[in-house]
Amino acid sequence: MEKEKLEGIVESIIFTNEQNGYTVFDLSADNALITAVGYIPGLAVGESVSLTGEWTSNSAYGEQFKVEYFERLTPKEEGAILLYLSSGIVKGVRESTAKKIVDVFGSDTLKIISENPKRLAEIKGISLEKAMQIHDSYINKQSVQNTVMYLQPYGVSAEFALKAHQELGSNAVEIIKDNPYILCDKIAGISFETADKIAKAMSISPLHKGRIKSGIQYVLMQCSVSLGHTYLPENELISYTSHLLGIDEFDVENQITALLSEKQLYGFDTYEGGKDYQLALFTKAEKSIADKLLSLRKVPSEKEKESLNKCIKDSEEKSGIQLSEEQKSAVKQAVFGGVTVITGGPGTGKTTIIRTIIDCLSSLDKKFSLAAPTGRAAKHMSDSCGIEAKTIHRLLEIGYLSDGGRPGFARDVDNPIEADFVIVDEVSMVDTLLMYSLLSAVAPGCGLILLGDSDQLPSVGAGSVLKDIILCDMIKCVKLTHIYRQAAESMIVLNAHKINNGEMPILNKSDNDFFFMSRTSSSQIADTILQLCSGRLSKTYGFDPMTDIQVLTPIKKSILGVYNLNSMLQEVLNPPSINKAEHRFGDSVLREGDKVMQMENNYNASWVKGDLNGTGVYNGDIGVVKKMNSHSRTILIHFDDGREVTYDFAEVRELSLAYAVTVHKGQGSEFECIVMPVFKCAPLLMTRNLFYTAVTRAKSLVVLVGDYDAIGYMVKNNSEQKRYSGLVDRLTENQ
DNA sequence: TTGACGTC
């Protein structure tokens, strides 16, 4: 996006969050009234500001200018100064006082307030005490401004500069000059590179202690982000850090010791006699997860288990599905075992078990909440259980905390989830920090049921929580192995097992359901996928390209990414026509008849479903573009559960074409037919888990298109097992 | 390189 610069006068303040300075206001610039949003604390009507940022469109409020950097132009002439002081921006000064001061000091007013405040007391009605109070209030406002202005040239946006000022106080600039690294240590969102840039500009020594300490923590953080580690072995930490900072390993070791005594870092002895080092954040998270899981455990009594026999029987009659002994015992354990993990591959009956558990909990009059890590997985859970499931973030009520405005969860230790049971699906995608937040919000005594398949996609964030819980052998895990799906003898299931064992799948056996088409270039792969989806598969198998066939790909960008495949698929599956209205926005087009997915939560959108109506469309909802109206600038979307929602053209950015989706979004859903490009992309994504997940989304047909060697690479790449995580040790120590 | 989230 192109950065734009605007200058103008603040016309009115629409909203201010006093805690964090987030402000919504109208600005008159170039004879137009503009709504702008951004972090500008204490902004007042009448102020002149210069804003840098970009245009955004907000679903509920339309076009808005999002401010990243700002400059307040200090008012120079008397009228402007009077307006400025009258706005209430300086504590202790209202309109009448402002007028008195400006009458006396004219255009020197602000200079007097900041440099020679005693002179204010010359004015009748202003005591010396009040004069000093006015001075302090004005200087404090200036210090916010100074911090923002000092940090902006280094690429720190107003939002983060403000956080720095809040954290460091009115001497922020002095403190930063003394040790710029305090910025990346204390303010989430300011990077080590930014702090290092400021330090370089000030010629701070590369051996500055603050620099080395921050470097160590930065390396640990980077390794968690890019590799999923929650700690690093000593030798790796020292060598990466000394490399990054261009200093001696010995100097790094010294500061590790310092960080340990400051409790910023924790050390753990390894079995081999070495040391592992972990950021305090992850130590706390892993310790809490372990403590909570262990404390939730209960051993169900025989009497309790028997008491469920009738509920289970009723549930079986209702669904017409007979549960095996293995499944019945899983249900009993889940209902009375405090905390239970249920794992199993596709077709092993997890959905049947969740439904039965829900029936039992309902008949016991228990309150329960359902959740999953991605929007699409939550949607799938809702559909298969007939009860609303939320993303974990939504269950925890993500929002802005009152203390400083960082995003945070409203549900926590002090305000736990109001339920007797919390049931979470697709737990393999839950990372350490999210699990920590989730478990913190689970009240003592609340039942916890975790379901997942540890062979499927791991979390994007650090840790391998589900694998660790299974591995530690301290929490009751029910492992479902029997495959109930009618396709038990199909090649899809057989190949899924082969992939899991690191073997090549069997391809192209005649009369079967697992095919590979060799294509060398990206454009050949894309062309073949288009042919398959637009005709070949529906001719041969009778699949409906809109509902039965799903293209899954690992990435979003490049020729074989979601964006491009979607626009190519749109061309063949729903081509332009004079009968179909369309709407262009950004690089994309939406046309009547298109298959779309809602990509973010919109709590305000209202829907209609027959006689019913309500509000809210959520990330992962899938639908079809029914009608477009270029006069009212609206689009009607028909969602697959029957809800109809009218989108304003400005809201259309929340939608994306859904002919192709990422494998990550596909986890949790099933489709008749999967078409997947197999090609060399980012090695971190070319994993066995990803390939296994994609393949097992298919109920009756898998078609792989591309490079045979890429399949081999994915099958062999089980890099996810190489994540360093301390959770197993926390779960098993002291037991 | 994948996911989640948002104050008028």
Side-chain angles (χ1 to χ4, degrees), chain A residues 12-26 35-41 43 56-67 159 188-189 225-228 371-379 390-411 424 426-435 437-438 456-463 552-558 560-562 599-604 618-620 654 661-668 679-687 689-691 693-694 714 717 719-720:
Chain A
S12 64
I13 305 281
I14 298 164
F15 170 85
T16 328
N17 178 332
E18 292 291 340
Q19 261 91 29
N20 64 16
Y22 180 83
T23 304
V24 183
F25 58 101
D26 280 344
T35 302
V37 294
Y39 292 82
I40 311 181
L43 187 71
T56 59
S57 81
N58 179 297
S59 57
Y61 315 111
E63 297 277 309
Q64 296 185 324
F65 190 76
K66 195 170 147 206
V67 180
E159 179 182 359
V225 169
S226 60
L227 301 168
T374 66
R376 193 58 217 156
K379 184 68 186 159
K390 297 174 176 173
T391 59
I392 295 172
H393 288 79
R394 202 150 77 80
L395 177 68
L396 296 177
E397 296 171 23
I398 192 165
Y400 280 75
L401 299 179
S402 51
D403 67 335
R406 262 186 323 124
F409 296 117
R411 293 289 172 187
V424 188
E426 303 298 347
V427 175
S428 70
M429 288 194 284
V430 180
D431 66 50
T432 300
L433 296 180
L434 185 60
M435 185 57 95
S437 298
L438 175 67
Q456 290 193 38
L457 286 171
S459 54
V460 172
L552 291 177
T553 169
I555 54 174
K556 295 201 277 203
K557 292 172 191 164
S558 98
L560 296 172
V562 169
M599 303 300 279
E600 57 190 77
N601 291 337
N602 182 337
Y603 301 95
N604 302 317
Y618 302 113
N619 182 353
E654 296 175 9
V661 302
T662 59
V663 179
H664 278 76
K665 274 225 159 42
Q667 171 152 350
F679 59 103
K680 296 216 170 66
C681 64
L684 284 167
L685 277 177
M686 290 185 69
T687 62
N689 295 307
L690 180 130
F691 186 45
T693 303
M714 290 192 284
N717 181 11
S719 63
E720 189 252 337

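- Between the side chain of A:Glu600 and the base of B:dC5, no donor-acceptor pair under 3.5 Å is found.
- Comparing B:dC8, B:dT1, B:dG3 by their nearest atom to the side chain of A:Val37 picks out B:dC8.
- Rounding to whole angstrom units, CD of residue A:Glu426 and C1' of B:dT2 are separated by 15 Å.
- Nearest nucleotide to the side chain of A:Phe15, out of B:dT1, B:dT7, B:dC5: B:dT7.
- The CG-C1' distance, from A:Leu685 to B:dG3, rounds to 11 Å in whole Å.
- Side chain of A:Asn601 to backbone of A:Asn619: a donor-acceptor contact under 3.5 angstrom is found.
- Considering only heavy atoms from C-beta on, A:Lys665 stays 4.5 Å or farther from A:Thr374 through its side chain.
- Residue A:Asn619 contributes atom CG, which lies 9 Å from atom P of B:dG3 at whole-angstrom precision.
- Side chain of A:Lys665, nearest nucleotide from B:dT7, B:dT1, B:dG3: B:dG3.
- In this structure, the CG atom of A:Leu433 is 16 Å from the P atom of B:dC5, given to the nearest Å.
- Atom OH of residue A:Tyr39 and atom OG1 of residue A:Thr23 lie 9.5 Å apart, to the nearest 0.5 angstrom.
- For A:His393, the ring pair (Phe, Tyr, Trp, His ring centres under 6.0 Å) partners at least two apart in sequence or on another chain are A:Phe409.
- For B:dG6, the OP1/OP2 oxygens have no side-chain nitrogen or oxygen of A:Lys66 closer than 4.0 Å.
- When heavy atoms are screened at a 4.0 angstrom cut-off, A:Gly461 is found touching no nucleic acid atom at all.
- Distances shown here put a side-chain N or O of A:Thr662 below 4.0 Å from the OP1 or OP2 atom of B:dG3.
- Closest contact between the side chain of A:Lys556 and the listed nucleotides B:dC5, B:dT1, B:dG3 involves B:dG3.
- Nucleotide B:dA4 holds its P atom 16 Å from the CG atom of A:Leu438, rounded to whole Å.
- Both thresholds, 5.5 Å between centres and 30° between ring planes, are met by A:Tyr22 relative to the base of B:dT7, so the two rings are stacked.
- Looking at heavy-atom distances under 4.0 Å, A:Pro683 makes no contact with the nucleic acid at all.
- Looking at the side chain of A:His664, the nearest of the listed nucleotides B:dT1, B:dA4, B:dG3 is B:dG3.
- Between A:Leu685 and A:His664, the closest side-chain pair of non-hydrogen atoms falls below 4.5 Å.
- The CG-C1' distance, from A:Leu457 to B:dA4, rounds to 15 Å in whole Å.
- Using a 4.5 Å heavy-atom cutoff, the side chains of A:Val430 and A:Leu438 are not in contact.
- Atom CD of A:Gln667 and atom C1' of B:dG3 are 11 Å apart (whole Å).
- OP1 or OP2 of B:dT2 has not a single side-chain nitrogen or oxygen of A:Ser459 nearer than 4.0 Å.
- In this structure, A:Ser226 and A:Pro373 both approach DNA chain B, and ranking their closest nucleotides by distance from the 5' end singles out A:Ser226.
- Distance, A:Met429 CE to B:dT2 P: 15 Å, rounded to whole Å.
- Side-chain proximity of A:Asn17 to B:dC5, B:dT7, B:dC8: nearest is B:dT7.
- Checking the phosphate oxygens (OP1, OP2) of B:dT2, no side-chain nitrogen or oxygen of A:Lys557 falls inside 4.0 Å.
- If A:Asn601 and A:Thr35 are placed on DNA chain B by their nearest nucleotide, the residue sitting closer to the 5' end is A:Asn601.
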